[in-house]
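Working notes, beginning with the structure itself.
Indexing begins at 1, ligand by ligand and atom by atom, following the structure's order.
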Amino acid sequence: MIYQNSYAQLDARLYHRQSPTPLTNPRAGHFNSEVADLLGWSSETELMERWVDILSGSYVPNGFEPLAMAYAGHQFGQWAGQLGDGRGLLMAQVLDQNGQLKDLHLKGCGLTPYSRMGDGRAVLRSTIREYLCGHALNNLGIKASDALGFVVSDTPVRRERMEPGAALMRVADCHIRLGHIEWIASFAPDLLAEFTDYMIDTYYPDCRQSDNPVAAFLQSVVERTAKMIADWQLIGFAHGVMNTDNLSITGSTIDFGPFGFMERFNPGWINNHSDHTGRYSYQNQPAIGHWNLNIWLPHFMRLPNISRDILAECLAHYEPTFMQHYQQGLCQKLGLPHSQASLQLAFEWLTLLEDYQLDYTNSFRALSALVRQSSEIQVTEHPLTQEHETALLATLKQELSADSESTQVWQTWQSQYLALISANETSSMLAIKEALTMMQQANPVYILRNSMAQRAIEQAESADSSHQHGANSSNGLAEVDRLYRLLADPYQVHAFAIISDTQPPDIDAPALPISCSS
Ligand code: AMP
Ligand code: MG
């Protein structure tokens, strides 16, 4: 691997150098060979042979320079002061096979000076959720951290109950959070200029071409954040804890805690059960992104050539960038060109999904079957895809045939939709095919439903407890592996999928409680 530990060269007040605290009796959880190949990890015999030792913290290879980063943040709208890596360490920074900088960050590897009241550990449950979520988002095409793998251990960790301790090697383009600047502003303001130069040179080198590189950098952070949140809204992702310490300066999704993927469409959905006011509900995410940037930007007024007006101009890019990406993406999900008429129809569709509590992912995907069936021309698809989409459309129609009102709403909407589809020069086979391709690339078949993650967790935990009692059992990670393979290619129908992979909860089912406790 090509090490480039540039963060470790920065001022020593910004971090604390230390080694991980090993887990007891570690065992392999899951290993992501694609990420390993990308990093160049796979070509090093020692790293491949000792990956469990490395992830469990008992072995630190040459080239690694582990450190805990200091940062601060606003949590749930309140200034929280100093936070920092309380249970994770930046182990190394490397150049991947594409020449991109990647951070290797080990989460769950023991106490640091920033642990506050915590124990420095992560539990198996949340480690599996983070592992699968990063993998899912990356393969859905959303910028996010991924992971090299995770290990499980006999280290007991107390949450609401005792749980097995685990550790995950997170791989992300960057671990600098908005909260890093908040920390510097409060605790080491003399470092702001140097740190800003580091962020620009490392992550936004193109901004150096601008007359005002800092302003160009800030505008780019604003735009990338807006784009990331538009991607979340389109795929139905709710982060759950959008504190300023959980937002990266590169617009990559990081810090998976009580996240969720939208099932039955409800814009007010609060996935995080600790979020009593719904601050981080799905529909609030775009506004919270703006709130976070608004509280972040003024720190840069300390720098020369940055005025309040310049910052206001940077922030003014947020809404149009969000709108552009979100609206464009919504039209794509319907296979329509970006236009007022398409958007009008898209918003009516979302209202329909909300009113009748339809599954967000399945309903969008079902429209492919509608378009295919309505076209005069025979469009052939892979039989599995065709069968799956046809079944989704049948379910959609059935759920909408509950009463005469819903039937009427659906009839009206679908005829307007099909009129727009065919108005869009789609009378030719090529155009219909293009619309279908566009839709199938924007509407996944599989997302990580809470119930899917839960099943994998229960299997892993029960195998783990029989292991502890000395029973001879498999390591219980077969379901994690199955989901890993399913989510590696979420836009295609897979023969090994099971019904629950595409099944929303019953309308009256109580929500699975997902809390911050991880
Ligand atoms: P999070 O909610 O995971 O983003 O964490 C917020 C802050 O609390 C960060 O500074 C974390 O490092 C810290 N933290 C969370 N859980 C623990 C833990 N079990 N032990 C130590 N620090 C923790
Ligand atoms: Mg965090």
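- For Val241, the closest heavy-atom approach to ligand 1 does not fall below 4.0 Å.
- With a 4.0 Å cut-off on non-hydrogen atoms, Arg121 touches ligand 1 through its backbone and not its side chain.
- In terms of polar-atom proximity, Asn246 is counted as a contact of ligand 1, with an N or O under 3.5 Å from an N or O of the ligand.
- When each of Gln503, Gln454, Glu263 is paired with Arg449, the side chain to side chain contact (heavy atoms under 4.5 Å, CB included) condition holds for Glu263 and for no other.
- The Tyr71 neighbourhood of ligand 1 comprises atoms 9 (C), 10 (O), with distances under 4.0 Å to a heavy atom of that residue.
- Residues passing the side-chain hydrogen bond (donor to acceptor under 3.5 Å, both in side chains) test with Tyr282, sequence neighbours excluded: none.
- Regarding atom 7 (C) of ligand 1, its nearest protein heavy-atom neighbour is Arg116 NH2, 3.2 Å.
- No donor-acceptor contact under 3.5 angstrom links the side chains of Asn5 and Gln93, judged on distance only.
- Numbered from 1 in the order shown, with element, the atoms of ligand 1 that lie under 4.0 Å from a heavy atom of Gly118 read 18 (C), 20 (N), 21 (C).
- Within a 4.0 Å radius of atom 20 (N) of ligand 1, the protein contributes at least one heavy atom.
- Using a non-hydrogen distance threshold of 4.0 Å, Met117 does not register as a contact of ligand 1.
- Near Gly120, meaning under 4.0 Å from one of its heavy atoms, ligand 1 places the atoms 18 (C), 19 (N), 20 (N), 21 (C).
- There is a side-chain donor-acceptor pair under 3.5 Å between Trp232 and Thr253.
- Checking atom 5 (O) of ligand 1 against the protein gives no heavy-atom contact under 4.0 Å.
- Of the N and O atoms on the side chains of Arg455 and Ser500, at least one donor lies less than 3.5 Å from an acceptor on the other residue.
- Each of the following atoms of ligand 1 lies closer than 4.0 Å to a heavy atom of Arg159: 19 (N).
- Residue Glu130 does not touch ligand 1, judged by heavy-atom distances below 4.0 Å.
- Between Phe364 and Leu353 there is a side-chain heavy-atom pair separated by less than 4.5 Å.
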Can Phe265 and Trp269 be said to form a ring pair (Phe, Tyr, Trp, His ring centres under 6.0 Å), step by step? CA-CA 8 Å; Phe265 189 57; Trp269 173 51; 9.8 Å; no
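- Side chains of Gln219 and Cys207 form no contact here, defined as non-hydrogen atoms less than 4.5 Å apart.
- Between the side chains of Asp154 and Thr24, not a single donor N or O lies within less than 3.5 Å of an accepting N or O.
- Other residues, nucleotides and ligands place no more than 12 heavy atoms under 6.0 Å from the CD atom of Glu34.
- With no hydrogens or angles considered, no side-chain donor-acceptor pair links Tyr15 and Glu65 at under 3.5 Å.
- For ligand 1, the atoms sitting less than 4.0 Å from at least one non-hydrogen atom of Asp255 are 4 (O), numbered in the order shown with element in parentheses.
- For the pair Tyr280/Ile270, no side-chain contact is recorded, criterion being any heavy-atom separation below 4.5 Å from C-beta on.
- Atom CD of Glu319 has 12 or fewer neighbouring heavy atoms from other residues, nucleotides or ligands inside a 6.0 Å radius.
- Residue-ligand proximity: Lys107 is placed with every non-hydrogen atom at 4.0 Å or more from ligand 1.
- Ranked by closest heavy atom to atom 10 (O) of ligand 1, the top entry among Gly86, Gly84, Ser518 is Gly84.
- Of all protein heavy atoms, the one lying nearest to atom 14 (N) of ligand 1 is Arg87 NE, 4.2 Å.
- In terms of N/O distances under 3.5 Å, ligand 1 is not approached by Asp85.
- Take a cut-off of 2.8 Å around the Mg ion (ligand 2): the protein N, O or S atoms inside it are Asn246 OD1, Asp255 OD2.
- Proximity of Gly257 to ligand 1 is not established, as no heavy-atom distance is less than 4.0 Å.
- Side-chain N/O atoms of Asn139 and His135 include a donor and acceptor closer than 3.5 Å.
- A side-chain N or O of Glu182 and one of His74 form a donor-acceptor pair less than 3.5 Å apart.
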